[in-house]
Amino acid sequence: MLDCAVITRNDRFWLPQSVSIQMIRKVMRLTRDFTLTSELLGVTIEEAEAAYEGWDKAPVMHGYRVPDRQKAWQAEELIILGQMWTRGEQAGDIAKTLKRSRSSVSGKRRALGLPARTQVSRETAEKHKTELRNSALKSSKKTLLTWAQASVLTRKELRGRTYRVRCCRNLVTITCMARSDKTRWNEAANIECAHRYFALQSHHIIAKDFLLTSDAIRSHASLEECIPESRRKKLDYFICENAISYIKDRGIFRRDCNVMEGARFWTNSKLRRISRRARNSRRLRSLVAAYDLAA
């Protein structure tokens, strides 16, 4: 149960069922797609592929095929269902987002075998949070924490620890500095955050999945220069394929900064060589000025 966080809403509490190999295999049998399985259950594609190995009479994974009938569920709708259910949203809220009935969403959730939830008392919920916290604090600082474990720790308790980001197709982690509340982003986390921004996901939702503040997410996205041009209403979910299409259509690519080692940024200009992060650095001000003069 170390991967299960307590869901709280209107002073009511639920505990979701743990994702098992049998659950992953059931979803794969119905969808025939590793990526869609990972989105529906909140696991990585690698974990889905591991569950597929050694499976007697395993189905052929030819990709999801939309049933030929009215109101059939599209792959994008299933992704939204999986992401919102993993985050603890209620069936009614998911139904509003998908513009379907509540019974349709609940029925699809049961048919796919997504983790069920058990309503518990406040005492049981607090006991589970304590178990998550104790298991995280007793583990070595080199141990990768689940999102559920990290979510019950304070910023001070997270120092020097690494935890998983929620709702990612690939393994994405955030590492906290040992002597401060700052975080260290690896390239996988940078790309994940950028894709979510390009897909117009709300920074509030991104912050919850990364266990950071909204201001920290916006600041990081600004330094990475991955703010999308569109001013449409931000979404509670994100479709990775939409982000990839956005990047491709606008000719955006990721480039190394010429004056700051290890700094990379997003741009659609082949002439830009210096990142915003480097230009904002006082330490590199003279180097940036010299580079601009030479250019």
Side-chain angles (χ1 to χ4, degrees), residues 1-8 13-21 23-24 37-51 82-89 114-115 117-118 120 124-196 201 203-217 219-221 238:
M1 296 287 285
L2 297 182
D3 59 340
C4 298
V6 175
I7 299 170
T8 305
F13 307 91
W14 290 266
L15 272 179
Q17 185 181 2
S18 294
V19 176
S20 62
I21 293 179
M23 193 181 294
I24 295 174
T37 298
S38 76
E39 293 278 11
L40 282 165
L41 294 175
V43 299
T44 64
I45 295 175
E46 186 178 352
E47 289 169 334
E49 291 174 342
Q83 288 183 9
M84 295 186 72
W85 187 256
T86 300
R87 291 193 183 95
E89 299 292 341
L114 301 191
R117 298 170 182 168
T118 303
V120 297
T124 303
E126 291 300 327
K127 181 181 178 182
H128 183 70
K129 288 181 181 179
T130 302
E131 291 174 353
L132 286 174
R133 185 171 179 275
N134 289 340
S135 66
L137 294 177
K138 289 178 182 178
S139 65
S140 166
K141 289 202 172 184
K142 293 182 180 180
T143 302
L144 179 62
L145 300 181
T146 65
W147 184 92
Q149 287 176 308
S151 67
V152 297
L153 299 183
T154 64
R155 298 311 304 181
K156 189 173 182 179
E157 290 169 338
L158 280 172
R159 289 182 180 179
R161 297 184 180 274
T162 302
Y163 60 87
R164 293 179 59 154
V165 177
R166 184 173 60 176
C167 294
C168 297
R169 293 181 179 182
N170 302 301
L171 180 61
V172 178
T173 61
I174 294 291
T175 300
C176 301
M177 298 290 191
R179 297 182 180 179
S180 71
D181 292 338
K182 294 182 179 180
T183 54
R184 184 182 296 110
W185 292 62
N186 54 32
E187 187 64 5
N190 289 333
I191 293 174
E192 178 72 16
C193 183
H195 281 178
R196 292 181 182 223
Q201 186 178 32
H203 59 272
H204 297 295
I205 303 296
I206 301 174
K208 289 179 181 179
D209 288 347
F210 278 70
L211 292 178
L212 298 171
T213 64
S214 297
D215 288 341
I217 292 295
S219 174
H220 183 79
F238 88 102

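This chain uses plain numbering: 1 for the first residue, then up along the sequence.
- Heavy atoms only, all atoms of each residue included: Val19 and Ile24 are closest at CG1-CG1, 3.7 Å.
- Side-chain N or O atoms of His203 include none that pairs as donor or acceptor with a backbone N or O of Ala221 at under 3.5 Å.
- A distance of 12.0 Å separates NZ in Lys208 from SG in Cys167, rounded to the nearest 0.5 Å.
- At least one side-chain heavy atom of Met23 sits under 4.5 Å from a side-chain heavy atom of Gln17.
- Minimum heavy-atom separation, Cys4 to Pro16: SG-O, 3.4 Å.
- Considering CZ of Arg117 and CH2 of Trp14, their distance stands at 8.0 Å, rounded to 0.5 Å.
- The salt bridge (Lys or Arg N to Asp or Glu O under 4.0 Å) test applied to Arg133 returns Glu157, not counting sequence neighbours.
- With sequence neighbours excluded, the residues satisfying salt bridge (Lys or Arg N to Asp or Glu O under 4.0 Å) with Glu47 are Arg164.
- With sequence neighbours left out, the side-chain contact (heavy atoms from CB on, under 4.5 Å) criterion links Lys156 to Thr154, Arg159.
- Shown here are the side-chain hydrogen bond (donor to acceptor under 3.5 Å, both in side chains) partners of Ser151, two or more places apart in sequence or in another chain: there are none.
- Listed by chain and number, the residues in a side-chain hydrogen bond (donor to acceptor under 3.5 Å, both in side chains) with Thr143 amount to none (sequence neighbours excluded).
- Residues passing the side-chain contact (heavy atoms from CB on, under 4.5 Å) test with Ala207 are Ser214, Ile217, sequence neighbours excluded.
- Looking at heavy atoms from C-beta onward, Thr183 lies out of side-chain contact with Thr175 at the 4.5 angstrom threshold.
- One N or O on the side chain of Thr130 and one on the backbone of Glu126 form a donor-acceptor pair closer than 3.5 Å.
- Atom CG of Leu132 is separated from atom OG1 of Thr146 by 6.5 Å, given to the nearest 0.5 angstrom.
- Residues Ser135 and Gln149 share a closest heavy-atom pair of OG-NE2, 3.0 Å.
- The CD atom of Glu49 sits 10.5 Å away from atom OG1 of Thr37, with the distance rounded to the nearest 0.5 Å.
- Inter-residue side-chain proximity for Leu153 and Leu145 is flagged as met; some heavy-atom pair is nearer than 4.5 Å.
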side-chain contact (heavy atoms from CB on, under 4.5 Å) evaluation trace for Ile205 with Arg87 = CA-CA 9 Å; Ile205 303 296; Arg87 291 193 183 95; 3.5 Å; yes
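- Side-chain contact between Tyr163 and Cys176: present, with at least one pair of heavy atoms (C-beta onward) separated by less than 4.5 Å.
- For Thr8, there are no side-chain hydrogen bond (donor to acceptor under 3.5 Å, both in side chains) partners, not counting sequence neighbours.
- Residues Ile174 and Phe210 have side chains in contact (heavy-atom distance under 4.5 Å, counting atoms from C-beta outward).
- For Val152 against Lys129, the heavy-atom pair with the smallest separation is CG2-O, 4.1 Å.
- In this structure, Gln83 contributes its side chain and Phe238 its backbone to a donor-acceptor pair below 3.5 Å.
- More than 12 heavy atoms of other shown residues, nucleotides or ligands fall within 6.0 angstrom of atom CG in Leu144.
- Remark: His220 pairs with Trp185 by the ring-ring contact (aromatic ring centres under 6.0 Å, His included) rule, at least two apart or across chains.
- Proximity of a side-chain donor or acceptor of Thr124 to a complementary backbone N or O of Val120 within less than 3.5 Å is not detected.
- Partners of Lys182 under the side-chain contact (heavy atoms from CB on, under 4.5 Å) rule, at least two apart in sequence or in another chain, are Met177, Ser180.
- Partners of Glu187 by salt bridge (Lys or Arg N to Asp or Glu O under 4.0 Å), not counting sequence neighbours, listed by chain and number: Arg254, Arg264.
- Here the side chains of Ile7 and Phe13 are not in contact, with every heavy-atom distance at 4.5 Å or above.
- Here the closest heavy-atom approach between residue Leu211 and residue Ala150 is recorded as CD1-CB, 3.5 Å.
- Looking at heavy atoms from C-beta onward, Thr44 lies out of side-chain contact with Ser38 at the 4.5 angstrom threshold.
- Shown here are the salt bridge (Lys or Arg N to Asp or Glu O under 4.0 Å) partners of Arg161, two or more places apart in sequence or in another chain: there are none.
- Listed by chain and number, the residues in a side-chain hydrogen bond (donor to acceptor under 3.5 Å, both in side chains) with Asn186 are Thr173 (sequence neighbours excluded).
- At a threshold of 4.5 Å between non-hydrogen side-chain atoms, the residues Cys168 and Glu39 do not count as touching.
- Annotation: the span from Glu192 atom CD to Leu171 atom CG amounts to 10.5 Å, rounded to 0.5 Å.
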